[in-house]
Amino acid sequence: MKISWTSLKVSIAGAKLSHLVQKDRIWDHGSMTEQVRIAFHVVLKAKNSENSELLKKYCTISCFEKFKTAMNKKEQKQDIFKESPIIKKLAVIDVHPGKHNRPDKFTALIKGDSKNDMITKSYKNKFSIQWSFVRQGDWWVLNAIK
């Protein structure tokens, strides 16, 4: 049986979540992954419409400023969000309850494909990104994209 580093991280995060959710419903795995999907689609919509204001509600201030700066640059690199990406796998790979005035946070791994042929609409370009979320009240907001 082959065990990958990612599957080990997912297992550890799952074990932590099962204990944390008993203390606070914010740690519900289903709602956390749904928040990641929502944020992913809002980022996609913001990139496609070139309207960064859509992200204000879903990002921390520092993340929003970085995103806004990146959108304003004329020379943008090849970006998965330009090519209608689809999520193939989404997993919570790390969780950290807040301590010493630090907020609760978690990291999600998003794997998927993006369209590279608009004629055949085939999905061939694979991507893997990690998004970090922090808790603000009863809401998870995007803090960083790696």
Does T60 have any side-chain contact (heavy atoms from CB on, under 4.5 Å) partners at least two apart in sequence or in another chain, and if so, which? S62, C63, V134, Q136, V141, N143
Decide whether a cation-pi geometry holds between K47 and F67; the criteria are a distance under 6.0 Å from NZ or CZ to the six-membered ring centre and an angle within 45° of the ring axis. yes
What are the two closest heavy atoms between W131 and I110, and how far apart are they? CD2-CD1, 3.9 Å
Sorted by chain and residue number, the side chain to side chain donor-acceptor pair (under 3.5 Å) partners of S31 (sequence neighbours excluded) come out as D28
Show me the donor-acceptor pairs within less than 3.5 Å that the side chains of residues 97-104 make with the rest of the protein, sequence neighbours left out.
unit_1: D104; atom_1: OD1; unit_2: G98; atom_2: N; d: 2.4
unit_1: D104; atom_1: OD2; unit_2: R135; atom_2: NH1; d: 2.9

Sorted by first residue and then second, give each side chain to side chain donor-acceptor pair (under 3.5 Å) pair with at least one member in residues 89-98; sequence neighbours left out. D94-H96
Give the C-alpha distance, both sets of side-chain angles, the deciding distance and a yes or no for side chain to side chain contact (heavy atoms under 4.5 Å, CB included) between F133 and W139. CA-CA 10 Å; F133 287 79; W139 191 255; over 6 Å; no
Check whether any side-chain heavy atom of I93 sits under 4.5 Å from a side-chain heavy atom of Q130, and report yes or no. yes
Do S52 and F64 have side chains that get closer than 4.5 Å, going by heavy atoms? yes
In Å and rounded to the nearest 0.5 Å, what is the CG to CD1 distance from D113 to I87? 11.5 Å
Atom pairs and distances, donor-acceptor, side-chain atoms in residues 32-46, under 3.5 Å, two or more places apart:
unit_1: T33; atom_1: OG1; unit_2: H29; atom_2: O; d: 3.2
unit_1: T33; atom_1: OG1; unit_2: G30; atom_2: O; d: 3.1
unit_1: Q35; atom_1: NE2; unit_2: W140; atom_2: O; d: 3.4

By side chain to side chain donor-acceptor pair (under 3.5 Å), which residues pair with E53, not counting sequence neighbours? K56
Intermediate values then yes/no, side chain to side chain contact (heavy atoms under 4.5 Å, CB included), V95 and F106: CA-CA 4 Å; V95 295; F106 77 91; 3.9 Å; yes
Spacing of CG belonging to L142 relative to NZ belonging to K66, to within rounding of 0.5 Å: 10.5 Å
